[in-house]
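Side-chain atoms are counted along with the backbone in the values below, which use heavy atoms only and exclude waters and symmetry mates. Lettering of chains follows the sequences in order, A, B, ..., and the numbering in each one begins at 1.
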2 protein chains.
Amino acid sequence: MSDAKVTSLDVARLAGVSQSAVSRVFSGASASQTTIAKVRAAAEQLGYRPNSLARAMITGKSRIIALVVAYLDNQFYPVAIERLSQALQARDYHILLLMAGNSPEGIDHVMQELMSYQIDGIITASVAMSSDLTDRCAALGIPVVMFNRGQDGTAHSSVTSANVEGGRKVAEFLLAGGHGRIAHIAGWQGSSTGRDRTRGFLAALEEVGAPAPQVIDGMYTREAAAEAARTLMAGPTPPDAIFVGNDHMAFAVMDVLRFELGLSVPQDVSVVGYDDVPMAAWPAYDLTTLRQPLNRMVEATVATLLAEIDDPDRGTEKVEIAGPLVLRGSARIPQGWT
Amino acid sequence: MSDAKVTSLDVARLAGVSQSAVSRVFSGASASQTTIAKVRAAAEQLGYRPNSLARAMITGKSRIIALVVAYLDNQFYPVAIERLSQALQARDYHILLLMAGNSPEGIDHVMQELMSYQIDGIITASVAMSSDLTDRCAALGIPVVMFNRGQDGTAHSSVTSANVEGGRKVAEFLLAGGHGRIAHIAGWQGSSTGRDRTRGFLAALEEVGAPAPQVIDGMYTREAAAEAARTLMAGPTPPDAIFVGNDHMAFAVMDVLRFELGLSVPQDVSVVGYDDVPMAAWPAYDLTTLRQPLNRMVEATVATLLAEIDDPDRGTEKVEIAGPLVLRGSARIPQGWT
DNA sequence: CTCAGGATTGAAAACGTATGCAAGCCGGGT
DNA sequence: ACCCGGCTTGCATACGTTTTCAATCCTGAG
């Protein structure tokens, strides 16, 4: 049946038509029913598939989009990747995966490499791009959508949840629960996501005249968050509620409270997270958390990206999607809350 | 500086040399010091990068390898992807990510698409390929390495941990712990990995004349594993130890034991997992488990794949790497075990 | 029967690079 | 002085496709 490489020319010869005819059949251009039939039959017999690289070179569109992700420890990102991948595959796009790692300049290097593959677009998940790289993408006309992170100076589109509002919701919830000593282990303050959640949270507390909570940056890592929890609880007035900047850190905080300090959650301390990763629903944590509407964020991300690919002059877009607070067992639930 | 598309011809003109010279400089072929300098300078000024697609088309090597993965719920795979990605990036390869999903034939379709990108190799993580696809890869000379899963009939390389031996170790450990009613929630018996672990486990029990344990297939999912745990514990002789086919299921089993049935681990039931994902070390689970040596498995995977790419006639290889049993708090530890 | 008009078709150029080949250059040995 | 050999270099071709353009076919109206 199928030997090594079979080209459109081989198919053309077997079908008794020109190579152009074969191309037209497979690229959807017009052709008569008879030639379509002949070409299809010959292609089937030879096991022919059009070479995407050659096609990409001539059309300028590779149908490849680059997905740049910083780390996968936080369960939020594997799940997001899974959804993004499915959504893009369904639209006949393919994903070039790139781990940004922790090297701040290494990413620029690899991104440059990526550019040479004529990718049609870029999705960054929790990764900041150097402004140098940003300019480069703009110059080459490559659309970029930042998933779950904004970046102020740049002209890129972004899709996030309504983080400021989310922070507010958590504050209101904890206040309604009658918590008097509220603390905050923040998401990395170098990220817009972390800053926005913190800002909304603090603003809501301030508006009702609540005392300003103690805030420690958890850097989005288990280690920093655990250390922050220890510091908070060892202080003169240990908190009775902690808002943690994402679920990943919240699990670490709960582990410290329960297994190092022997405290009960939520009897001694209420803990609220952010994201609602699948693990938050596991009974071992049963974490009350503000849900990031992943499916809608993913849909918005691919919709925005593909729209920009189809129409380069479309302009960018900053999408914010609000999510609900999911009430579970890790935080005291105020009277009357559903 | 850099405008839209800059080709080797542009660089050649600016440098006052031929296009071939530019190509030679960037492809590492020989050239005089003076031309190298001129070309480098011109390229720098224009912001030139060789077009990988064009290069791939002529050389036949795209420096892209496809990574096919079934699901990312199990933390083992995100971590594996991270490592694989880093290892391949370090060798200047790029990763085309493909989620196999649950559609058994959908994967074949997408794989066919992938082939058209002239990928240099394929890594499958816990995914079985149809024999049709297998043949196709062989015919096209595309090396395939199966990560964490074998497949008997095929001529592909595979890298797994020593699953039979691992199953034995767990059995010996539970026996030494004095457990009398041992049960097994198996990894999916449709996978070599699941079958091997089960086989080693049962063989070790049988050799010492222990009663044959009750075995239920956990299908590698939380739901099936949880249901299996309920079934086992509701039976006439509930087990005092359960070997679970991987950590991902073991967490679900522990959740059922503790939060549905109110049992203590390991006082009432010992639980042992397989994989040693990062979460197994979290105090909320503190899971005793047989470690799959991820780093070495990843190294072996890329080494095998790249070797087959460099030398197509190299033949395939089945690598098995043994891992230790990691003693933690979820299972009773026999006297004298370290 | 003739002819206009649209639908099909094939030839050829283009995409951006690598590489075989022949010509040019240079140095050293006789 | 001459020639032989090796190192560089440019020319031209190839990779497999899409797409323009002109030529050809067919159909139906006059």
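Comparing Ser32(B) and Ala54(B), the nucleotide of DNA chain D nearest to each residue sits closer to the 5' end for Ser32(B). Ranked by how close their nearest DNA chain C nucleotide is to the 5' end, Met57(B) and Arg24(B) are led by Met57(B).
Atoms CZ (Arg55(A)) and C1' (dT17(D)) sit 8 Å apart, rounded to a whole Å. Regarding Asp10(A), its CG atom lies at a distance of 9 Å from the P atom of dT17(D), rounded to whole Å. Remark: P of dT19(D) and CZ of Phe26(A) are 16 Å apart, rounded to the nearest angstrom. Between Arg13(A) atom CZ and dG16(D) atom P there is a gap of 11 Å when expressed in whole angstrom units. As a whole-Å value, the separation of Lys5(A) NZ from dA14(D) P is 19 Å. The CG atom of Leu53(B) sits 22 Å away from the P atom of dA14(D) (whole-angstrom rounding). Look at CD on Gln19(B): it is 11 Å from C1' on dT13(D), rounded to the nearest Å. Spacing between atom CG of Asn51(B) and atom P of dG16(D) amounts to 16 Å, rounded to whole angstrom units.
Using a 4.0 Å heavy-atom cutoff across all strands shown, Thr59(A) reaches sugar-phosphate atoms only and no base atom. Here Thr7(B) lies in heavy-atom contact (under 4.0 Å) with sugar-phosphate atoms only. Among the atoms of the strands shown, only primed sugar atoms or phosphate atoms (P, OP1, OP2) are found under 4.0 Å from some heavy atom of Thr35(B). Residue contacts for Ser20(B): at a heavy-atom cut-off of 4.0 Å it reaches a base atom on one of the strands shown.
Inspection of the Ser8(A) and Gln19(A) side chains reveals an N or O donor paired with an N or O acceptor under 3.5 Å. Counted by atom type alone, Ser32(B) and Thr34(B) present one or more donor-acceptor pairs between their side chains at under 3.5 Å.
Judged purely by atom type and a 3.5 angstrom limit, Asp310(A) has no side-chain atom pairing as donor or acceptor with the backbone of Ala307(A). Within the 3.5 Å criterion, the main-chain N or O of Gln33(A) finds no donor-acceptor partner in the side chain of Lys38(A). Not a single donor-acceptor pair under 3.5 Å links the side chain of Asp120(B) to the backbone N or O of Ile65(B). No donor-acceptor distance shorter than 3.5 angstrom exists from the side chain of Lys61(B) to the backbone of Gln118(B), with no hydrogens or angles considered.
Within a 6.0 Å sphere centred on CD of Gln112(B), heavy atoms belonging to other residues, nucleotides or ligands number more than 12.
End-to-end axis angle of the helix from dC1(C)-dG30(D) to dT30(C)-dA1(D), using five pairs per end and rounding to 10°, comes to 50°.
In summary, contact between chain B and DNA chain C, defined as any nucleotide atom under 4.0 Å from a heavy atom of the protein, begins and ends at dG16(C) to dG20(C) in the 5' to 3' direction.
Rounded to the nearest 0.5 angstrom, Glu82(B) CD and Gln86(B) CD are separated by 5.5 Å.
Looking at residues two or more places apart in sequence or on another chain, you find a side chain to side chain donor-acceptor pair (under 3.5 Å) between Tyr77(B) and Ser126(B), Asn148(B).
Ring centroids of Tyr71(A) and Tyr220(A) are separated by 6.0 Å or more, keeping the two rings apart.
Listed pair Tyr117(B) / dG16(D) fails the phosphate criterion, with no side-chain N or O lying under 4.0 Å from OP1 or OP2.
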